[in-house]
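Chain naming here is simple, since letters A, B, ... match the order of the sequence lines and numbering starts at 1 in each.
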Protein chains: 2
Amino acid sequence: MGKGEDTRARILDEAMRQVSVRGMTGVSLGDLAAAMNLSKSGVLKHFQSMETLQLALLDAMTDRFVAEVWKPAEPFAPGRERLEKLFERELAWNDSENLPGGCPLTSAATELDDQPGPLRDKLKDNRVRWGRTLKREFRALRPEADDATLETLVFQWKGILLAYGHSKRLLDDESARAQATAAYRMLIGG
Amino acid sequence: MGKGEDTRARILDEAMRQVSVRGMTGVSLGDLAAAMNLSKSGVLKHFQSMETLQLALLDAMTDRFVAEVWKPAEPFAPGRERLEKLFERELAWNDSENLPGGCPLTSAATELDDQPGPLRDKLKDNRVRWGRTLKREFRALRPEADDATLETLVFQWKGILLAYGHSKRLLDDESARAQATAAYRMLIGG
DNA sequence: CCGATAAGTGCACGATCGGTCACTTTTGGT
DNA sequence: ACCAAAAGTGACCGATCGTGCACTTATCGG
């Protein structure tokens, strides 16, 4: 890996960290450059424009999410065991010290959900795929269930994780994790 | 109500609409003034500064939420009946045509949750109070349940509504409402 | 109907936004 | 060790950010 590639990766890394706190719109070229001890033009050399950087950032977020949530769970058996691991990993992802503001995909989602454009499209694609992955796992857990039921389970899974971030970060609720796992138990069954 | 009061209210109304789409940071003095056919200084005359405007905006959001979600449900009997109405009203609040980007409190929450300051404090206070209100209703529904159980129910309630906004707005999921009510049924019990 | 006060305008300000360009420094293959 | 290409700099651009100030216009009680 050449120096350019390395710098580019480090920029995306820092940007991801900032997105988790300030949101996608909140990270500016100036802040980013300052945080990296680089000039604004030095940053832009690795991306044609700010929007290109943001698109690359969404890709980087997807890659990291897959690497830190899905990959560790993949070796486990489909269904209950894998879901258990996925849930644990997704909580850990939300708590990662590399993401001081929690899941950057959540920040981006609430920010972009009503702003048409390539950013929203890419993010939507990411989340739709994740929903399908979860649905597969729920199907393995409950082979007899119909599609509507499976989708409701996925819906609730997402709800639990959104509520986890909300309770922990805005409400400073110390019991957020306990409540998330309690809700998970109610969903999956003992 | 003098003309000043009226204009001030209309500014906050327009700002709330914009927050639901662009988020709290996304609404600027210039855009706001343009949307109101007013000059930037004309807007700022009603508020000492932009941050003061934002604080007033959070109050306005709280008032509207109470008026449109809590008030219509208040006449109903505590517990099941009132919860039913509250849930219906909160879904309607999310769908309100006055709020083209969904619940502005949700936008503000994910945006401010890691940004210390008076804005975050006020929003947190708002959401904590709402959580307490929900807990009271769940206690009326399940008088035998312990505190932890009640809080898990509140946690899940919030999760359902967060997932509703996410599914409807980012994923364009037509069945979002159906899934939200299905999840509600699972939570409350038939 | 008048005059004090409230409401709103218009211009200018310093700061910051994303972005360009000519330039210098660094890197790495031969 | 050399030198072309890659990496990064710094000054500058027009636009927009929030804000202050001197000013004009509209409102409304006496």
Side-chain angles (χ1 to χ4, degrees), chain A residues 1-19 21-60 107-108 111-112 115-120 122, chain B residues 1-19 21-60 107-108 111-112 115-120 122:
Chain A
M1 175 165 61
K3 194 186 180 216
E5 297 290 330
D6 176 72
T7 304
R8 191 188 134 105
R10 283 178 34 247
I11 291 173
L12 290 174
D13 204 70
E14 172 61 27
M16 202 183 305
R17 181 178 284 104
Q18 291 196 14
V19 166
V21 178
R22 306 186 234 244
M24 193 78 67
T25 312
V27 7
S28 77
L29 220 41
D31 292 349
L32 201 46
M36 304 267 320
N37 291 325
L38 236 87
S39 62
K40 289 198 294 174
S41 21
V43 171
L44 262 191
K45 265 291 155 72
H46 300 275
F47 310 87
Q48 298 93 311
S49 73
M50 193 58 188
E51 195 184 30
T52 310
L53 189 156
Q54 288 168 326
L55 284 167
L57 187 46
L58 284 176
D59 283 333
S107 303
E111 198 177 348
L112 299 176
Q115 310 214 8
L119 288 174
R120 197 196 97 114
K122 191 180 274 286
Chain B
M1 175 164 63
K3 193 186 179 211
E5 297 290 332
D6 176 72
T7 305
R8 192 187 134 106
R10 282 177 34 245
I11 291 172
L12 290 175
D13 204 70
E14 173 61 28
M16 201 183 305
R17 181 176 288 106
Q18 292 197 12
V19 167
V21 177
R22 308 186 234 243
M24 194 76 70
T25 312
V27 8
S28 78
L29 222 38
D31 292 350
L32 201 45
M36 305 264 321
N37 291 324
L38 234 81
S39 63
K40 288 199 294 176
S41 18
V43 171
L44 215 46
K45 265 290 155 72
H46 300 275
F47 310 88
Q48 297 91 313
S49 72
M50 193 58 188
E51 196 185 30
T52 310
L53 189 156
Q54 288 169 325
L55 285 166
L57 187 47
L58 285 176
D59 283 333
S107 302
E111 198 178 350
L112 299 174
Q115 311 215 5
L119 287 174
R120 196 197 98 113
K122 190 178 276 286

Taking five pairs at each end of the helix from C:dC1-D:dG30 to C:dT30-D:dA1, what angle separates the two helix axes (nearest 10°)? 20°
Taking [atom1] from [X] and [atom2] from [N], how many angstroms apart are they, rounded to a whole number?
X       : N      : atom1 : atom2 : answer
B:Glu5  : C:dA7  : CD    : P     : 8 Å
B:Arg8  : C:dA6  : CZ    : C1'   : 15 Å
B:Arg10 : C:dG8  : CZ    : C1'   : 12 Å
A:Asp31 : C:dT16 : CG    : P     : 9 Å
A:Asn37 : C:dT25 : CG    : C1'   : 17 Å
B:Leu38 : C:dA6  : CG    : C1'   : 14 Å

Test item: A:Gln54 side-chain N/O and A:Leu119 main-chain N/O as donor-acceptor pair under 3.5 Å: no
Of the non-hydrogen atoms in A:Phe47 and A:Ile11, which two are nearest, and what is the gap between them? CE1-CG2, 3.9 Å
Considering all heavy atoms, the nearest A:Ser107-A:Gly23 contact: CB-CA, 4.5 Å
A:Arg22: partners by salt bridge (Lys or Arg N to Asp or Glu O under 4.0 Å), with sequence neighbours left out: none
Between A:Gly30 and B:Val43, name the one whose nearest nucleotide on DNA chain C is closer to the 5' end. B:Val43
For A:Glu14, all residues meeting side-chain hydrogen bond (donor to acceptor under 3.5 Å, both in side chains), sequence neighbours excluded: A:Arg17, A:Gln18
Who pairs with A:Thr52 by side-chain hydrogen bond (donor to acceptor under 3.5 Å, both in side chains), at least two apart in sequence or on another chain? A:Ser49
Taking the side chain as everything from C-beta on, heavy atoms only, tell me whether B:Thr25 gets closer than 4.5 Å to A:Thr25. no
Hey, can you pull the donor-acceptor pairs under 3.5 Å for the side chains in residues 26-46 of chain B, sequence neighbours left out?
unit_1	atom_1	unit_2	atom_2	d
B:Ser28	OG	B:Asp31	N	3.2
B:Ser39	OG	B:Gly42	N	3.1

With the side chain defined as heavy atoms from C-beta on, A:Ser28 is closest, among C:dT9, C:dG18, D:dG10, to C:dG18
Residue-phosphate contact under 4.0 Å: B:His46 side-chain N/O, C:dA6 OP1/OP2: no
Taking only N/O atoms, report every protein-nucleotides 19-27 of chain D pair under 3.5 Å with atom names and distance.
unit_1	atom_1	unit_2	atom_2	d
D:dT19	OP2	B:Met50	N	2.5

